[in-house]
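Below, each value reflects all heavy atoms present in this structure, side chains not excepted, and no hydrogens, waters or symmetry copies. In what follows, residues are counted from 1 in the order of the sequence shown. Remember, predicted model here, so these are calculated numbers, not experimental data.
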Amino acid sequence: MANMPVSEMRLPPHLAHLLAARRLDTAKDVLSLPEVELMAILDAGLPTARAAVALVSEAACPPCQTALALLEERVRLGGGGRLATTLCGLDEALGGGIPMGKLTEVVGPSGIGKTQFCLKLALLAALPEYYGGLDGRVVYIDTEFKFSSRRMIEIGQKSFPQIFRQEGLAQKMAGRILVTRPTSLADFTKSLEEMKVTLLQHDVKLLIVDSMAALMSLENEKATAGFRQHPLRWTLSFLKSIAEFSRVPVVVTNQVRSQSNDDGYHFSFEVDKKDGNKCAERFDSHLVAALGIQWAHAITVRLVFESHSGHRFIKVAKSPMSPAVAFPFVVESSGITLLSDESIDVTGPEITSIRCQGQNVLAR
């Protein structure tokens, strides 16, 4: 609850105005400061500083719950509040699907199927509840201009023909998906700031950012090394805040980069195509998720899309509900389809590695 806005804490008016005037906007802003520094910022005495810490702590601290209460809540919500992917093996591993109120990352090389997965999720969130959906709106932030309405409708027609045969339903569902295409981090930041109210007031049931790595790559080209992490920290904090307070699933796609710091490129989409397959092989042999350690620690679930041994795999690399497991899949006209609902155990270095053998990611 560190990202809880001070404006939502119902503090005494004089204290709320004082904190707002000093731009202490979240619980973390207040509680991370030593008392002496907080006194200086507030231009107040020790009693006022301690009162601010006590009131903010009380407001931001989540209530204690017993394990039994949590179990009963999960049963009442039918899986703890999740968006089912309709991939049975994956849903079982994740305890019912993509968790609400959390950040879920989908990471993998270009062309592996991340956007196909997101399109299906958007469709599922917009589906009526009696068909297994969330019957809500979707905000889809498309930073790479990959969103395709035609492809989404095709996935719907092949996956749910009984629904899409109904006159006007496809148009109605497509109208529930709001697509924004920020061209800079400033546009993206503005969209996020406006989005919090939208999520709460317009029955939004899913937020997708596809992809964060592309947006940060553009921003990093303009920034010096000493300032590169600040935009990511703010964005990460705000996304977590949106997830926690709107209680919707937030799904963010991420790209891969070379593990070696000596490489002249970082992201798969930044490799010069004229370097050919030799460069592709060198790149693919050491792939890790982009955006760094801070990002990796902040996400709740990490799904890795990778390719090796002649198959594509969805790997649950990080989840509080599941050990590291993988499922082979294919991309069909109906979207992502698992070849088997039986999971494959993943151990050792394979948990964090990202493989892309048997396909040229540069050709996509």
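At least one side-chain heavy atom of Lys315 sits under 4.5 Å from a side-chain heavy atom of Ser353. Residues Met212 and Thr143 are not in side-chain contact: their nearest non-hydrogen atoms beyond the backbone lie 4.5 Å or more apart. Two residues are said to be in side-chain contact when any heavy atoms from C-beta on lie closer than 4.5 Å; Thr104 and Arg302 fail this criterion. Taking the side chain as every heavy atom from C-beta outward, Thr115 and Glu144 never approach each other to under 4.5 Å.
Lys158 and Glu332 are not joined by a salt bridge, as no carboxylate oxygen comes within less than 4.0 angstrom of a charged side-chain nitrogen. Using a 4.0 Å cut-off between charged nitrogen and carboxylate oxygen, Arg50 and Glu35 count as a salt-bridge pair.
Linking Ile, Leu, Val, Met, Phe, Trp and Tyr residues whenever their side-chain heavy atoms come within less than 4.5 Å leaves Ile351 and Ile299 in two separate clusters.
When all heavy atoms of Lys114 and Gly108 are compared, the closest pair comes out as NZ-O, 2.9 Å. Nearest heavy-atom pair across Ala52 and Leu42 is CB-CD1, 4.5 Å.
Between the OG1 atom in Thr300 and the NZ atom in Lys318 there is a gap of 6.5 Å [rounded to 0.5 Å]. In this structure, CD1 on Ile155 lies 8.5 Å from OG on Ser148, to the nearest 0.5 angstrom. The CG atom of Leu121 sits 6.0 Å away from atom SG of Cys118, with the distance rounded to the nearest 0.5 Å. For the atom pair CG of Leu90 and CG of Asp341, the computed distance is 9.5 Å after rounding to the nearest 0.5 Å. Atom CD1 of Ile336 sits about 4.5 Å away from atom CZ of Phe329, to the nearest 0.5 Å. The structure places CG of Leu18 at 8.5 Å from CG of Asp43, a figure rounded to the nearest 0.5 Å.
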Would Val252 and Trp295 count as a side chain to side chain contact (heavy atoms under 4.5 Å, CB included) here? Give the steps. CA-CA 11 Å; Val252 181; Trp295 176 271; 3.7 Å; yes
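The ring of Phe117 has its center closer than 6.0 angstrom to the ring center of Phe305.
Remark: of the listed residues Lys205, Arg176, Lys172, Arg176 is the sole one forming a salt bridge (charged side-chain N to carboxylate O under 4.0 Å, His left out) with Asp135.
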